[in-house]
Visitor: 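Structure below; questions to follow.
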Amino acid sequence: QVQLVESGGGPVQPGGSLRLSCAASIFSSDYYAIGWLRQAPGKEREGVICIISSDGTTYYSDSVKGRFTISRDNAKKTVYLQMNSLKPEDTAVYYCAIKIWPYGGTGMIPLWQYDYWGQGTQVTVSS
């Protein structure tokens, strides 16, 4: 059973930064892609960013492009989400998720394609 554990969430002021971590129980060579997704109160869950394990290709949602970046430490089996210039509308529960097998499309991986999910970590952007 694949396990994902997110951490690093919390309160932050608008314009601030936060780095989330996602510790996986498997190496990146064992899955196709890993992504960060979020769900704001009263809204549907949405993809934020994802990275393809094999070549590092990264896809961003328009709402976070230029502000959020993803990085990974393969030895630690950990992926990070660096969030800068945070806005109140970034407030959400943030999840990391893994897709094991290759996705036949391009761009952001659809939510329903992910095979394993973490429990989420709350990010609250407020003054």
Visitor: Within the 4.5 Å heavy-atom criterion, are Arg72 and Thr78 side-chain neighbours or not?
Guide: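 Side-chain contact under 4.5 Å: no.
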Visitor: Using side-chain contact (heavy atoms from CB on, under 4.5 Å) as the criterion, point out the one residue from Leu20, Thr58, Val48 that pairs with Ile70.
Guide: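 Only match with Ile70 under side-chain contact (heavy atoms from CB on, under 4.5 Å): Thr58.
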Visitor: With a 3.5 Å distance limit and no angle check, can you tell me whether Lys99 reaches the backbone of Trp101 through a side-chain donor-acceptor pair?
Guide: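 Checked: pair present.
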Visitor: Mind checking disulfide (SG to SG under 2.5 Å) for Cys50 and listing every partner two or more places apart, or none if nothing turns up?
Guide: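 For Cys50, no residue satisfies disulfide (SG to SG under 2.5 Å) once neighbours in sequence are set aside.
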Visitor: Do the side chains of Pro14 and Pro88 get nearer than 4.5 Å, heavy atoms only?
Guide: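 A side-chain contact under 4.5 Å exists here.
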Visitor: Test of understanding: clusters of I, L, V, M, F, W, Y form through side-chain heavy atoms closer than 4.5 Å, transitively. Do Leu4 and Ile26 belong to the same one?
Guide: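 Same hydrophobic cluster.
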Visitor: Check the pair Arg19 / Tyr80 against side-chain hydrogen bond (donor to acceptor under 3.5 Å, both in side chains), numbers first and verdict last.
Guide: CA-CA 7 Å; Arg19 189 178 80 158; Tyr80 304 96; 4.7 Å; no
Visitor: Distance from Ile49 atom CD1 to Ile34 atom CD1, nearest 0.5 Å?
Guide: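 Answer rounded to 0.5 Å: 11.5 Å.
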Visitor: Could you go step by step and tell me if Val125 and Val123 meet the side chain to side chain contact (heavy atoms under 4.5 Å, CB included) rule?
Guide: CA-CA 7 Å; Val125 185; Val123 172; 4.1 Å; yes
Visitor: For Thr69 and Tyr60, which heavy atoms make the closest approach, and how far apart are they?
Guide: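 Scanning both residues, the minimum pair turns out to be CA-CE2, 4.3 Å.
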Visitor: For the side chain of Ser53 and the backbone of Tyr31, is there at least one donor-acceptor N/O pair under 3.5 Å apart?
Guide: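 Side chain of Ser53 to backbone of Tyr31: a pair is present.
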Visitor: Please test Gln39 against Glu46 for side chain to side chain contact (heavy atoms under 4.5 Å, CB included), starting from the C-alpha separation and ending with a verdict.
Guide: CA-CA 6 Å; Gln39 187 163 19; Glu46 63 174 350; over 6 Å; no
Visitor: Quick one: list whatever passes side-chain hydrogen bond (donor to acceptor under 3.5 Å, both in side chains) with Ser61, sequence neighbours left out.
Guide: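 If we apply the side-chain hydrogen bond (donor to acceptor under 3.5 Å, both in side chains) test to Ser61, skipping adjacent residues, the hits are Ser63.
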Visitor: Donor-acceptor pair, distance only, cut-off 3.5 Å: does the side chain of Gln3 make one with the backbone of Ala24?
Guide: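 Not a single qualifying donor-acceptor pair exists.
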Visitor: Please answer: with hydrophobic residues joined when any side-chain heavy atoms are less than 4.5 Å apart, are Ile98 and Phe27 in the same cluster?
Guide: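 Cluster IDs for Ile98 and Phe27 differ.
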Visitor: For Ser28 and Asn74, which heavy atoms make the closest approach, and how far apart are they?
Guide: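 Answer, listing the atom of Ser28 first, then Asn74: OG-OD1, 3.1 Å.
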Visitor: Using only atom types and a distance under 3.5 Å, with no angle test, would you say the side chain of Gln82 pairs donor to acceptor with the backbone of Phe68?
Guide: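 No, the answer is negative, given that no donor and acceptor are paired below the 3.5 Å cut-off.
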Visitor: According to a hydrophobic-cluster definition based on side-chain heavy atoms being under 4.5 Å apart (Ile, Leu, Val, Met, Phe, Trp, Tyr only), do Val79 and Ile100 belong together?
Guide: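 Yes, because Val79 and Ile100 connect within a single hydrophobic cluster, where side-chain heavy atoms sit under 4.5 Å apart.
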Visitor: Work out which heavy atom in Val64 is nearest to a heavy atom in Arg38; give both atom names and the distance.
Guide: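 Val64 and Arg38 have their closest heavy atoms at CG1-NH1, 4.0 Å.
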Visitor: Any sub-3.5 Å donor-acceptor pair from Gln122's side-chain atoms to Gly9's backbone N or O?
Guide: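 A pair under 3.5 Å: no.
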Visitor: Using a strict 4.0 Å threshold on nitrogen-to-oxygen distance, state whether Asp90 and Lys87 make a salt bridge.
Guide: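 No, this pair does not count.
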Visitor: What distance do Ser25 atom OG and Lys77 atom NZ have between them, rounded to the nearest 0.5 Å?
Guide: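 The NZ atom of Lys77 is 6.5 Å from OG of Ser25, to the nearest 0.5 Å.
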Visitor: When rounded to the nearest 0.5 angstrom, what distance separates OG in Ser127 from CD in Gln13?
Guide: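 Answer rounded to 0.5 Å: 7.0 Å.
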Visitor: Between atom CG of Leu18 and atom CG of Leu86, what is the distance when rounded to the nearest 0.5 Å?
Guide: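 Going from the CG atom of Leu18 to the CG atom of Leu86 covers 6.5 Å.
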Visitor: Are any side-chain N or O atoms of Arg67 and backbone N or O atoms of Ser85, one a donor and one an acceptor, separated by less than 3.5 Å?
Guide: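 Yes: the side chain of Arg67 pairs with the backbone of Ser85.
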Visitor: Ile52: which other cluster members, linking ILVMFWY side chains closer than 4.5 Å, directly or transitively?
Guide: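 Under the 4.5 Å side-chain rule, Ile52 groups with Tyr32, Leu37, Tyr59, Val93, Tyr95, Tyr103, Met108, Ile109, Leu111, Tyr114, Trp117.
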